[in-house]
There are 2 protein chains.
Amino acid sequence: MRDPTNPVCRTISTLLSRIGDKWTVLVVQTLGQGSHRFNELRREIPSVSQRMLTLTLRNLERDGLVSRTVTPSIPPRVDYELTELGKSLQKPICGLVTWAMDNVGSIHAAQARFDAAQDKAVAA
Amino acid sequence: MRDPTNPVCRTISTLLSRIGDKWTVLVVQTLGQGSHRFNELRREIPSVSQRMLTLTLRNLERDGLVSRTVTPSIPPRVDYELTELGKSLQKPICGLVTWAMDNVGSIHAAQARFDAAQDKAVAA
DNA sequence: CAGAATCCTTAACGATACTG
DNA sequence: CAGTATCGTTAAGGATTCTG
């Protein structure tokens with residue numbers, strides 16, 4: 001089940017690393033509010049670079065989580081939207097984010113304890 | 001809420017990248033079966049290097065998700081175990097893994113469609 | 001047994017400049 | 001507007017060697 005040559009495991013692992021990358025979750029959550037154009041996404045997520053937004057959207061599109069609709073006008077218009085599959089991913093992501101928000105306090109406290117113990121050990 | 005200078009957001013983002021790293025989820029799931037010694041973990045996760053296992057466990061310990069118990073014998077014995085906080089994280093992780101397993105098929109199909117369309121575009 | 005330290009390669013990412 | 005292409009930096013991770 002955790003054999004890395006197993007294709008199912010590889011897919012799960014790839015998905016987890018997507019979730020863990022810097023932008024995927026932000027993009028999915030933004031698209032959760034509805035369809036967005038490329039530069040609308042950039043404005044909603046100011047810290048993302050053009051390059052990273054492009055790559056993130058390409059990956060999401062390739063995995064079937066986001067649809068890309070091109071309107072060949074001048075200037076061109078491209079709309080991104082969550083697919084049904086993409087929408088279904090929101091729930092487990094939300095579970096994780098909620099857990100994190102509920103437990104920020106405990107985590108920070110644990111980190112403070114750990115770092116204090118480290119300092120003490122180094123000082124000694 | 002998605003301001004990267006907000007400490008809560010930073011914690012959430014750090015947690016997500018932990019989930020997304022190569023080993024954290026595997027280690028948490030292995031420890032979910034019960035307490036393990038260092039080399040027991042290595043045997044259960046053969047692909048992890050000693051260095052990465054050490055780093056992963058340190059991070060988990062610092063975040064308060066895993067406890068580390070040293071028995072100063074010769075040879076030394078170190079046991080790792082999920083804390084209550086760590087156990088509570090299993091549920092949202094499971095939600096994500098379950099989603100992934102349920103949708104591997106759809107994802108692979110989407111990737112195949114995407115790649116086929118790419119090839120066609122390149123060939124043209 | 002459980003690690004710390006070091007070296008090295010690769011991949012991620014940001015910044016910038018250019019294009020249909 | 002919505003990208004692509006290229007470059008340079010940083011960080012992740014593996015392999016190896018050494019130690020209490």
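Note that the structure is predicted; figures quoted are calculated from it, not measured. Note on naming: letters A, B, ... go to the chains in the order of the sequence lines (proteins, then strands), and numbering restarts at 1 for each one.
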| field | With sequence neighbours excluded, residues passing side-chain contact (heavy atoms from CB on, under 4.5 Å) with A:Ser13 | value |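 Testing A:Ser13 for side-chain contact (heavy atoms from CB on, under 4.5 Å), a comparison that skips the adjacent residues, returns none.
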
| task | Under the side-chain contact (heavy atoms from CB on, under 4.5 Å) rule, collect the residues that match up with A:Arg42, sequence neighbours excluded. | result |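 A:Arg42 satisfies side-chain contact (heavy atoms from CB on, under 4.5 Å) with A:Phe38, A:Asn39, A:Gln50, A:Leu53 only.
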
| Contact list for DNA chain C against residues 55-77 of chain B - heavy-atom distance below 4.0 Å |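 Within residues 55-77 of chain B, the residues near DNA chain C are B:Arg58, B:Arg68, B:Pro75, B:Pro76.
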
| said: So, does A:Tyr80 get its side chain near the phosphate of D:dG3, meaning an N or O under 4.0 Å from OP1 or OP2? | reply: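 For D:dG3, OP1 or OP2 has a side-chain N or O of A:Tyr80 closer than 4.0 Å.
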
| request: Extract, from 5' to 3' on DNA chain C, the first and final nucleotides lying under 4.0 angstrom from some heavy atom of chain B. | output: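 First-to-last contact on DNA chain C, by the 4.0 Å heavy-atom rule, is C:dC1 to C:dT6.
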
Please tabulate, for side-chain N and O atoms in residues 21-34 of chain A, each donor-acceptor pair with protein atoms closer than 3.5 Å (sequence neighbours left out).
residue, atom, partner, partner atom, Å
A:Asp21, OD1, A:Trp23, N, 2.9
A:Asp21, OD1, A:Thr24, N, 2.8
A:Asp21, OD1, A:Thr24, OG1, 3.0
A:Asp21, OD2, A:Thr24, OG1, 2.7
A:Thr24, OG1, A:Arg18, O, 3.4
A:Thr30, OG1, A:Leu26, O, 2.7

| task | Quick one: list whatever passes salt bridge (Lys or Arg N to Asp or Glu O under 4.0 Å) with A:Lys87, sequence neighbours left out. | result |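 Counting only residues at least two positions away or on another chain, A:Lys87 forms a salt bridge (Lys or Arg N to Asp or Glu O under 4.0 Å) with A:Glu84.
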
| task | Could you tell me which residues satisfy salt bridge (Lys or Arg N to Asp or Glu O under 4.0 Å) with A:Glu40, sequence neighbours excluded, listed by chain and number? | result |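 By the salt bridge (Lys or Arg N to Asp or Glu O under 4.0 Å) rule, A:Glu40 matches no residue at all.
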
Below 3.5 Å between N/O atoms, which protein atoms pair up with nucleotides 14-18 of chain D? Just atom names and distances, please.
residue, atom, partner, partner atom, Å
D:dG14, OP1, B:Lys22, NZ, 3.4
D:dG14, N7, B:Arg51, NE, 3.3
D:dG14, O6, B:Arg51, NE, 3.3

| query | Roughly how bent is the helix from C:dC1-D:dG20 to C:dG20-D:dC1 end to end, in steps of 10 degrees, with each end axis from five pairs? | reply |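 If I round to tens, the end axes sit 50° apart.
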
| task | May I ask you to test the B:Leu15-A:Val104 pair for a side-chain heavy-atom distance under 4.5 Å? | result |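 A side-chain contact is absent here, since even the closest heavy-atom pair is not under 4.5 Å.
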
| said: Which residues pass the side chain to side chain donor-acceptor pair (under 3.5 Å) test with A:Arg113, not counting sequence neighbours? | reply: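 Side chain to side chain donor-acceptor pair (under 3.5 Å) check on A:Arg113 returns nothing, list empty.
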
| Residue pairs passing the side chain to side chain donor-acceptor pair (under 3.5 Å) test where at least one lies in residues 94-103 of chain A, sequence neighbours excluded |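 Counting only pairs at least two positions apart or across chains, the side chain to side chain donor-acceptor pair (under 3.5 Å) contacts touching residues 94-103 of chain A are A:Trp99-B:Ser88.
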
| Stretch residues 27-43 of chain A: residues that reach within less than 4.0 Å of DNA chain D through a heavy atom |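 Hits under 4.0 Å, by residue number: A:Arg37, A:Phe38, A:Asn39.
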
